[in-house]
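This report refers to the structure that appears directly beneath it.
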There are 2 protein chains.
Amino acid sequence: MGTTDTKTRILDAAQCLIQSRGINGMSYQDLSESVGIRKASIHHHFPSKLDMLNALLQRYQHEFADTVDAIVQSKITGKSKLKRYCALFQGTLATGEDGKTCLCGMMIAEIASLDDSGVQKIRQFVRTNTQQIVAMIESGMADGSLATQKSPKAVAELVLATLEGGLMVARSSGGPQQFDSIVNQLISLLTR
Amino acid sequence: MGTTDTKTRILDAAQCLIQSRGINGMSYQDLSESVGIRKASIHHHFPSKLDMLNALLQRYQHEFADTVDAIVQSKITGKSKLKRYCALFQGTLATGEDGKTCLCGMMIAEIASLDDSGVQKIRQFVRTNTQQIVAMIESGMADGSLATQKSPKAVAELVLATLEGGLMVARSSGGPQQFDSIVNQLISLLTR
DNA sequence: GTCTATAGCGCGATAGAC
DNA sequence: GTCTATCGCGCTATAGAC
């Protein structure tokens, strides 16, 4: 079927709007116009805005984790895994007319607007990604494609921070090209 | 005098609130309660919210640039300059009960809520900081405290991205301690 | 320069018909 | 499941007294 579930279409629109404008910069009215149904119909699927944000976070986190797992378990060098991982973030920035950012990066900025459940999901996103990056780095240390690191966990936290911050900086100024440059520099520093 | 200009007190309160909640998470009502004067009085000093945001960005950018200039021109090693620079961001996170982030990092996230003048100020912040980091790196390459880099500009962009992203990631999960770890790892990678 | 009062609008959310 | 209609609230902003 070419048709998509209404709930899914709402989440798609919400994700796109939040990635470019933020949680508090997006309204049910915006969603209504984007999806093509009325505000009340959105409330039927997601009674409150917090309900919607939590559903969105859950979907994003699971999709992202699965995609990254596929990379981690692929039969390529650790360095190649890391490159593909960075390309995931790169894709976020390139999609759409104005620069978008990682959904979780945006939600961390506006974390004060989330409930406890949302904050926990954000923390799990950070935790999961950090562990997955650690796996990639250890893989690269084992096959010799990445330089030996004292603390893979500290490196992983740095990688995640650089990618999240890189999306922000790049979308304000230099665009995808600047993000590429940052990623290349990061990989280069981890190779020597 | 222990008393402070009202305009300054408003900007102080606005900066604090925006650094923790974001542009769209802060209202004139919040400011009113924080400063201790009525909403209408805030409007007397800053007619529109965009006026206030622009004044705030201008002040922040100039103050920050001056502080960094003092570091760049100090008679210490390039590596020490970079460490002090990172400590500026570190200070932001540590101040206040809940984790705050760089004012410009937050505003980049919500850049869709700024006018053209505000966007330009953000870009200048990024440009200025990048140039200043380049100066620190070149200083460190000259005195041998930092490893030789092919492209100091690409490294500088990576440093800024890592610090901005590090503030975000750290305030969602590990706090100042995690930010320290990221900074140490960054310096370590630039030293070898 | 600060106040009270209020305009005007958009927001999240709900009731009830179809 | 989608609609029309509406509620109640908080927002930015303004008018005018003191």
Side-chain angles (χ1 to χ4, degrees), chain A residues 1-57 106-107 109-119, chain B residues 1-57 106-107 109-119:
Chain A
M1 295 296 162
T3 56
T4 316
D5 185 33
T6 302
K7 218 160 179 168
T8 302
R9 279 165 50 221
I10 296 172
L11 287 180
D12 290 344
Q15 179 170 337
C16 181
L17 284 167
I18 292 176
Q19 283 180 323
S20 50
R21 301 187 205 165
I23 297 174
N24 298 319
M26 176 224 66
S27 70
Y28 271 62
Q29 185 58 41
D30 295 327
L31 277 180
S32 164
E33 289 161 15
S34 180
V35 177
I37 60 176
R38 298 302 207 158
K39 279 199 302 176
S41 307
I42 314 267
H43 279 285
H44 170 76
H45 294 282
F46 303 101
S48 82
K49 197 171 181 178
L50 286 172
D51 291 331
M52 213 196 59
L53 294 176
N54 277 304
L56 189 53
L57 271 172
M106 180 63 88
M107 289 211 184
E110 294 179 300
I111 200 167
S113 301
L114 298 177
D115 57 10
D116 286 352
S117 170
V119 174
Chain B
M1 294 298 162
T3 57
T4 315
D5 184 33
T6 303
K7 218 160 178 168
T8 302
R9 278 165 50 220
I10 295 173
L11 286 180
D12 289 344
Q15 179 169 337
C16 181
L17 283 167
I18 291 175
Q19 283 180 324
S20 51
R21 300 187 206 167
I23 297 175
N24 298 319
M26 176 223 67
S27 69
Y28 271 62
Q29 184 58 42
D30 295 328
L31 278 179
S32 164
E33 289 161 15
S34 181
V35 176
I37 61 177
R38 297 303 207 159
K39 281 197 298 178
S41 308
I42 315 267
H43 278 285
H44 169 77
H45 295 282
F46 302 101
S48 83
K49 197 170 180 177
L50 286 172
D51 290 330
M52 212 195 60
L53 294 176
N54 277 303
L56 189 53
L57 271 173
M106 180 63 87
M107 290 211 184
E110 294 179 301
I111 200 168
S113 302
L114 297 178
D115 57 10
D116 287 351
S117 170
V119 174

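Chain naming here is simple, since letters A, B, ... match the order of the sequence lines and numbering starts at 1 in each.
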Table of protein N/O atoms under 3.5 Å from nucleotides 9-11 of chain D N/O atoms:
residue : atom : partner : partner atom : Å
D:dC11  : OP1  : B:Ser27 : OG           : 3.2

Protein-nucleotide distance ([X], atom [atom1]; [N], atom [atom2]), rounded to Å:
{"X": "A:His43", "N": "D:dC7", "atom1": "NE2", "atom2": "P", "value": "16 Å"}
{"X": "A:His44", "N": "D:dC3", "atom1": "NE2", "atom2": "P", "value": "12 Å"}
{"X": "A:Glu33", "N": "C:dC11", "atom1": "CD", "atom2": "C1'", "value": "13 Å"}
{"X": "A:Ile42", "N": "D:dT4", "atom1": "CD1", "atom2": "C1'", "value": "16 Å"}
{"X": "A:Leu31", "N": "C:dC11", "atom1": "CG", "atom2": "C1'", "value": "13 Å"}
{"X": "B:Phe46", "N": "D:dT14", "atom1": "CZ", "atom2": "P", "value": "15 Å"}
{"X": "A:Arg38", "N": "D:dA5", "atom1": "CZ", "atom2": "P", "value": "9 Å"}
{"X": "B:Asn24", "N": "C:dC11", "atom1": "CG", "atom2": "C1'", "value": "12 Å"}

Output all residues satisfying salt bridge (charged side-chain N to carboxylate O under 4.0 Å, His left out) with B:Asp12, sequence neighbours left out; order by chain, then residue number.
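For B:Asp12, the residues satisfying salt bridge (charged side-chain N to carboxylate O under 4.0 Å, His left out) (neighbours in sequence not counted) are B:Arg59.
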Min side-chain heavy-atom separation [X]-[Y] under 4.5 Å:
{"X": "B:Met107", "Y": "B:Ile23", "result": "yes"}
{"X": "B:Asp115", "Y": "B:Leu53", "result": "no"}
{"X": "A:Thr6", "Y": "A:Arg9", "result": "yes"}

Next on the checklist: According to ring pair (Phe, Tyr, Trp, His ring centres under 6.0 Å), does anything in residues 2-43 of chain A pair up with another residue at least two apart or in another chain? List the pairs.
Outcome noted: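 The answer is A:Tyr28-A:His43.
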Quick one: which residue pairs count as a side-chain hydrogen bond (donor to acceptor under 3.5 Å, both in side chains) with a foot in residues 29-39 of chain B, not counting sequence neighbours?
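Every pair satisfying side-chain hydrogen bond (donor to acceptor under 3.5 Å, both in side chains) with a residue in residues 29-39 of chain B: B:Arg21-B:Asp30, B:Ser27-B:Asp30, B:Gln29-B:Glu33.
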Give, ordered by number, those residues of residues 6-18 of chain A having at least one heavy-atom distance below 4.0 Å to an atom of DNA chain C; if nothing qualifies, reply none.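 DNA chain C contact set from residues 6-18 of chain A: none.
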Could you state the interatomic distance from CE (B:Met26) to CE (B:Met106), rounded to the nearest 0.5 Å?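 Between B:Met26 CE and B:Met106 CE, I get 11.5 Å after rounding to 0.5 Å.
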Point to revise | From A:Leu31 atom CG to A:Ile10 atom CD1, the distance as rounded to the nearest 0.5 Å | key: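 Spacing of CG (A:Leu31) from CD1 (A:Ile10) equals 7.5 Å.
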task = Measure from the side-chain heavy atoms of B:Ile37 and tell me the nearest of C:dC3, D:dC3, D:dG1.
result =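 Of all the options, the side chain of B:Ile37 is nearest to C:dC3.
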Exercise for the section: Could you tell me whether the phosphate oxygens of C:dG1, OP1 or OP2, come under 4.0 Å of any side-chain nitrogen or oxygen in B:Ser41? Expected result: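 So the side-chain polar atoms of B:Ser41 never come under 4.0 Å of the phosphate oxygens OP1 or OP2 of C:dG1.
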#### Entry: Residues forming a ring-ring contact (aromatic ring centres under 6.0 Å, His included) with B:Phe46, sequence neighbours excluded
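Once residues adjacent in sequence are excluded, B:Phe46 has no partner under the ring-ring contact (aromatic ring centres under 6.0 Å, His included) criterion.
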